[in-house]
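We number each residue from 1, following the sequence as shown. Keep in mind that what you see is a predicted model, and the values were worked out from it rather than measured.
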Amino acid sequence: MKKIVLSLSVICFFASCNDKLDLQPYGVVSTDNFYQTAADAENAVTAAYKSFQLLDGQNTWNTRAGYTPMGDITSADVQAHPDLVVYYQIQQCIIRPNSEQIQMLYQRCYKALLLANIAIEKIPDIRMDEALKARYMGELYFIRGFWMFRLGYMYGTAPLVNKSLSLSELNIPNSLREASYDPGKKVNNYTVTQSDLFDQAEADFKLALQQGLADRNTGDLAGRADKGAVKAYLVQVYLYQHRWTEAKALLEDIMSYGYQLLADYNDLFDGTHDNSTEAVFEIQYTALNQKGTDNFGTVLNAPNGDGFVAGGGWGWTRPTPDLVREYEEGDPRLVASIFRLGEDDFFGQMFVDRVNGTGLGIRKWCIGNPPNNKGVTIDQVSWYNSCNYTLVRYAEVLLWYAEVVNELGDRATAAEYINKLRARTATTTDPNTVHPYEIKPLPPVPASLSYEEMFWAIVHERRVEFAFEGKFGWDLRRWGVARQALTDPARWQNEVTPGYFQYKEGKDEIFPIPQLEIDRSDHVLQQNPGYEL
């Protein structure tokens, strides 16, 4: 996958969409001269894959619309760079429907859907190898399902667009969504009981599984959608809907496909193990090829001003003391993930927090200039690099399984799968070279825990395992514990500014529909509850 680049025809096709889409996010462009050959099909599928690069906040300088930071900023684990006022508004739950950030996130979903929808409609008529065509269709159904699911958990009632549209069809009403809290449960008590977007995502994922996809891709196909990736996203739909038994079966399928945890947690984030045995779905990047397929994530994440990386690092988000307090004593994932003021170093250079941030910086995906790049391609002019970005790791599959079996009453198996991750702390190394960090392999979680104790053990493990990977804020919402967790006076932000988090149940589980889209629809489209201007 890393060798696949867009041809000039697809670049022109994609560019021709942009002006129209900026005006009408559901618009359609002429494709009369495209989709004639197998090469056209390959280019169209590759363009659809490029939506992951362009839309997940890693590639290009327009970084404010990144999706991955949203899963962190919606929790208490990071604090935004002072320049990003909108991130503070999102975090505090005071964001308004007229936010440009909310609009960009929303529109980029539909730009991705446009590419997938047109290709899904056009490729079946191309005369080409049928096995290859089937694989392409499977990949496209996955890509469309991915963006449907993302719209579903971020915007809830956003319009369902599963075909290309004429200009007369653009005023689309909200999709249906219903959700409720179970008063009989204190945790994992929030269920999405009706969602047109989730239903479409489920249908697309099931269609993908009916096509010519391998269980798990390797070699030249690594990075393309396979059954492991498709099932991992279908599982997430089922988790929102509390379809535990169906999720369990899918997870057991995934676990039979040969994935393995890497022995050293550090190896996941330094660019040296792209498409590893732990990667279930990974965004592919290259660098120095002038094709716009390179990764800007290091600059976004690396500490601001400390000079560890090309471009210096912007520190778009900074870890909080609240997150640091979550790590158990000696857990090597702390120093593999975070720089602490005066304690941690990067190839011998101490972290000093030159911008007076939180006293903490993100180490994950911090790829230094040569010789501190471990062979990863670095463009020291544009500041891009070739490091991939993993959206789903096998570690997450294991913790999903622990969650599911805990819900089904099997505490012993839940503990077993949590402990598979905790065991890696014994083989993870200390990246510091100046002040060594005393690693203490973590003890196993006992199987004797109650249901709620096991749930909170899973919450803890997800929080420290996936810090800065764009997950925990959405986790809190899916579990129904966001208000409880965020409004706790013990949260660091609430200690500094009492009442900082203003989370409201029934509103802040999802984002507002952009006001601009409501206005464009002649108010056919309605606002999500609680966000009315």
Side-chain angles (χ1 to χ4, degrees), residues 13-14 16-31 34-35 44-45 47-52 54-56 65 67 97 102-124 137-178 192 194-208 225 233-234 236-237 240 510-528:
F13 169 73
F14 189 76
S16 71
C17 296
N18 280 345
D19 289 343
K20 187 67 172 179
L21 285 167
D22 287 342
L23 295 173
Q24 295 285 3
Y26 316 126
V28 64
V29 298
S30 173
T31 56
F34 200 64
Y35 297 103
V45 174
Y49 272 112
K50 191 172 176 64
S51 67
F52 293 118
L54 290 172
L55 306 188
D56 219 63
Y67 292 89
I102 294 298
Q103 180 183 329
M104 284 192 292
L105 290 166
Y106 181 94
Q107 288 187 343
R108 289 182 175 195
C109 285
Y110 285 102
K111 290 182 180 181
L113 287 175
L114 175 69
L115 292 175
N117 281 333
I118 296 178
I120 286 170
E121 293 167 3
K122 297 292 185 179
I123 287 178
M137 292 300 293
E139 293 173 13
L140 288 166
Y141 284 128
F142 166 74
I143 293 169
R144 186 170 72 179
F146 175 97
W147 291 104
M148 290 288 180
F149 173 63
R150 179 156 282 188
L151 276 171
Y153 74 74
M154 290 185 68
Y155 292 95
T157 70
L160 192 161
V161 181
N162 59 1
K163 64 177 184 177
S164 59
L165 303 172
S166 67
L167 293 177
S168 64
E169 298 176 295
L170 297 182
N171 290 346
I172 305 172
N174 302 73
S175 59
L176 295 177
R177 179 186 187 273
E178 296 179 0
V192 177
Q194 168 67 50
S195 170
D196 289 347
L197 291 168
F198 282 1
D199 288 350
Q200 181 64 55
E202 178 183 1
D204 282 337
F205 294 146
K206 288 181 174 179
L207 283 170
Y233 278 90
L234 184 53
Q236 293 178 72
V237 174
Y240 270 95
I510 54 179
F511 285 159
I513 302 294
Q515 187 61 42
L516 179 62
E517 305 305 320
I518 293 174
D519 295 341
R520 284 173 171 169
S521 75
D522 294 328
H523 294 264
V524 170
L525 189 59
Q526 300 296 304
Q527 188 53 265
N528 285 328

Problem - Y67 and W147 aromatic ring geometry - parallel, tilted or perpendicular at 30°/60° bounds - result: perpendicular

Between the main-chain N or O of [Y] and the side-chain N or O of [X], is there a donor-acceptor pair closer than 3.5 Å?
X: Q527; Y: I513; result: yes
X: E517; Y: P514; result: no
X: D196; Y: L176; result: yes
X: Y35; Y: A44; result: no

Exercise for the section: Say whether N528 and T157, considering side chains only, have a donor N or O and an acceptor N or O under 3.5 Å apart. Expected result: yes

Exercise for the section: Could you tell me whether the side chains of E139 and Y49 share a donor-acceptor contact shorter than 3.5 Å? Expected result: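 Yes, side-chain donor-acceptor contact under 3.5 Å.
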
Handout entry: Contacts of I120 that satisfy side-chain contact (heavy atoms from CB on, under 4.5 Å) - sequence neighbours left out
Key = M137, L140, Y141, R144

Handout entry: With E178 via side-chain contact (heavy atoms from CB on, under 4.5 Å) - residues at least two apart
Key = T193, Q194

Find the distance between [atom1] ([X]) and [atom2] ([Y]) and round it off to the nearest 0.5 Å.
X: K122; Y: F34; atom1: NZ; atom2: CZ; answer: 11.5 Å
X: M148; Y: L160; atom1: CE; atom2: CG; answer: 4.5 Å
X: L516; Y: S521; atom1: CG; atom2: OG; answer: 10.0 Å
X: D522; Y: N171; atom1: CG; atom2: CG; answer: 5.0 Å
X: L113; Y: R108; atom1: CG; atom2: CZ; answer: 14.5 Å
X: I172; Y: Y110; atom1: CD1; atom2: OH; answer: 7.0 Å

Shortest non-hydrogen separation from [X] to [Y] and the atoms involved:
X: A201; Y: V237; value: CB-CG2, 4.4 Å
X: Y155; Y: L105; value: OH-CB, 3.2 Å
X: I143; Y: A48; value: CD1-CB, 3.8 Å
X: S175; Y: A158; value: OG-O, 2.6 Å
X: R520; Y: Q107; value: NH1-NE2, 3.1 Å
X: G156; Y: R177; value: CA-CD, 3.3 Å

Handout entry: Side-chain heavy atoms of F511 within contact of Y106, under 4.5 Å
Key =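 A side-chain contact is absent here, since even the closest heavy-atom pair is not under 4.5 Å.
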
Practice task
Step through it carefully: locate the ring centre of F149, locate the ring centre of F205, and say whether they are under 6.0 Å apart.
Solution key: no

Practice task
Not counting sequence neighbours, which residues clear side chain to side chain donor-acceptor pair (under 3.5 Å) with Q200? List them please.
Solution key: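 For Q200, the residues satisfying side chain to side chain donor-acceptor pair (under 3.5 Å) (neighbours in sequence not counted) are N162, D204.
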
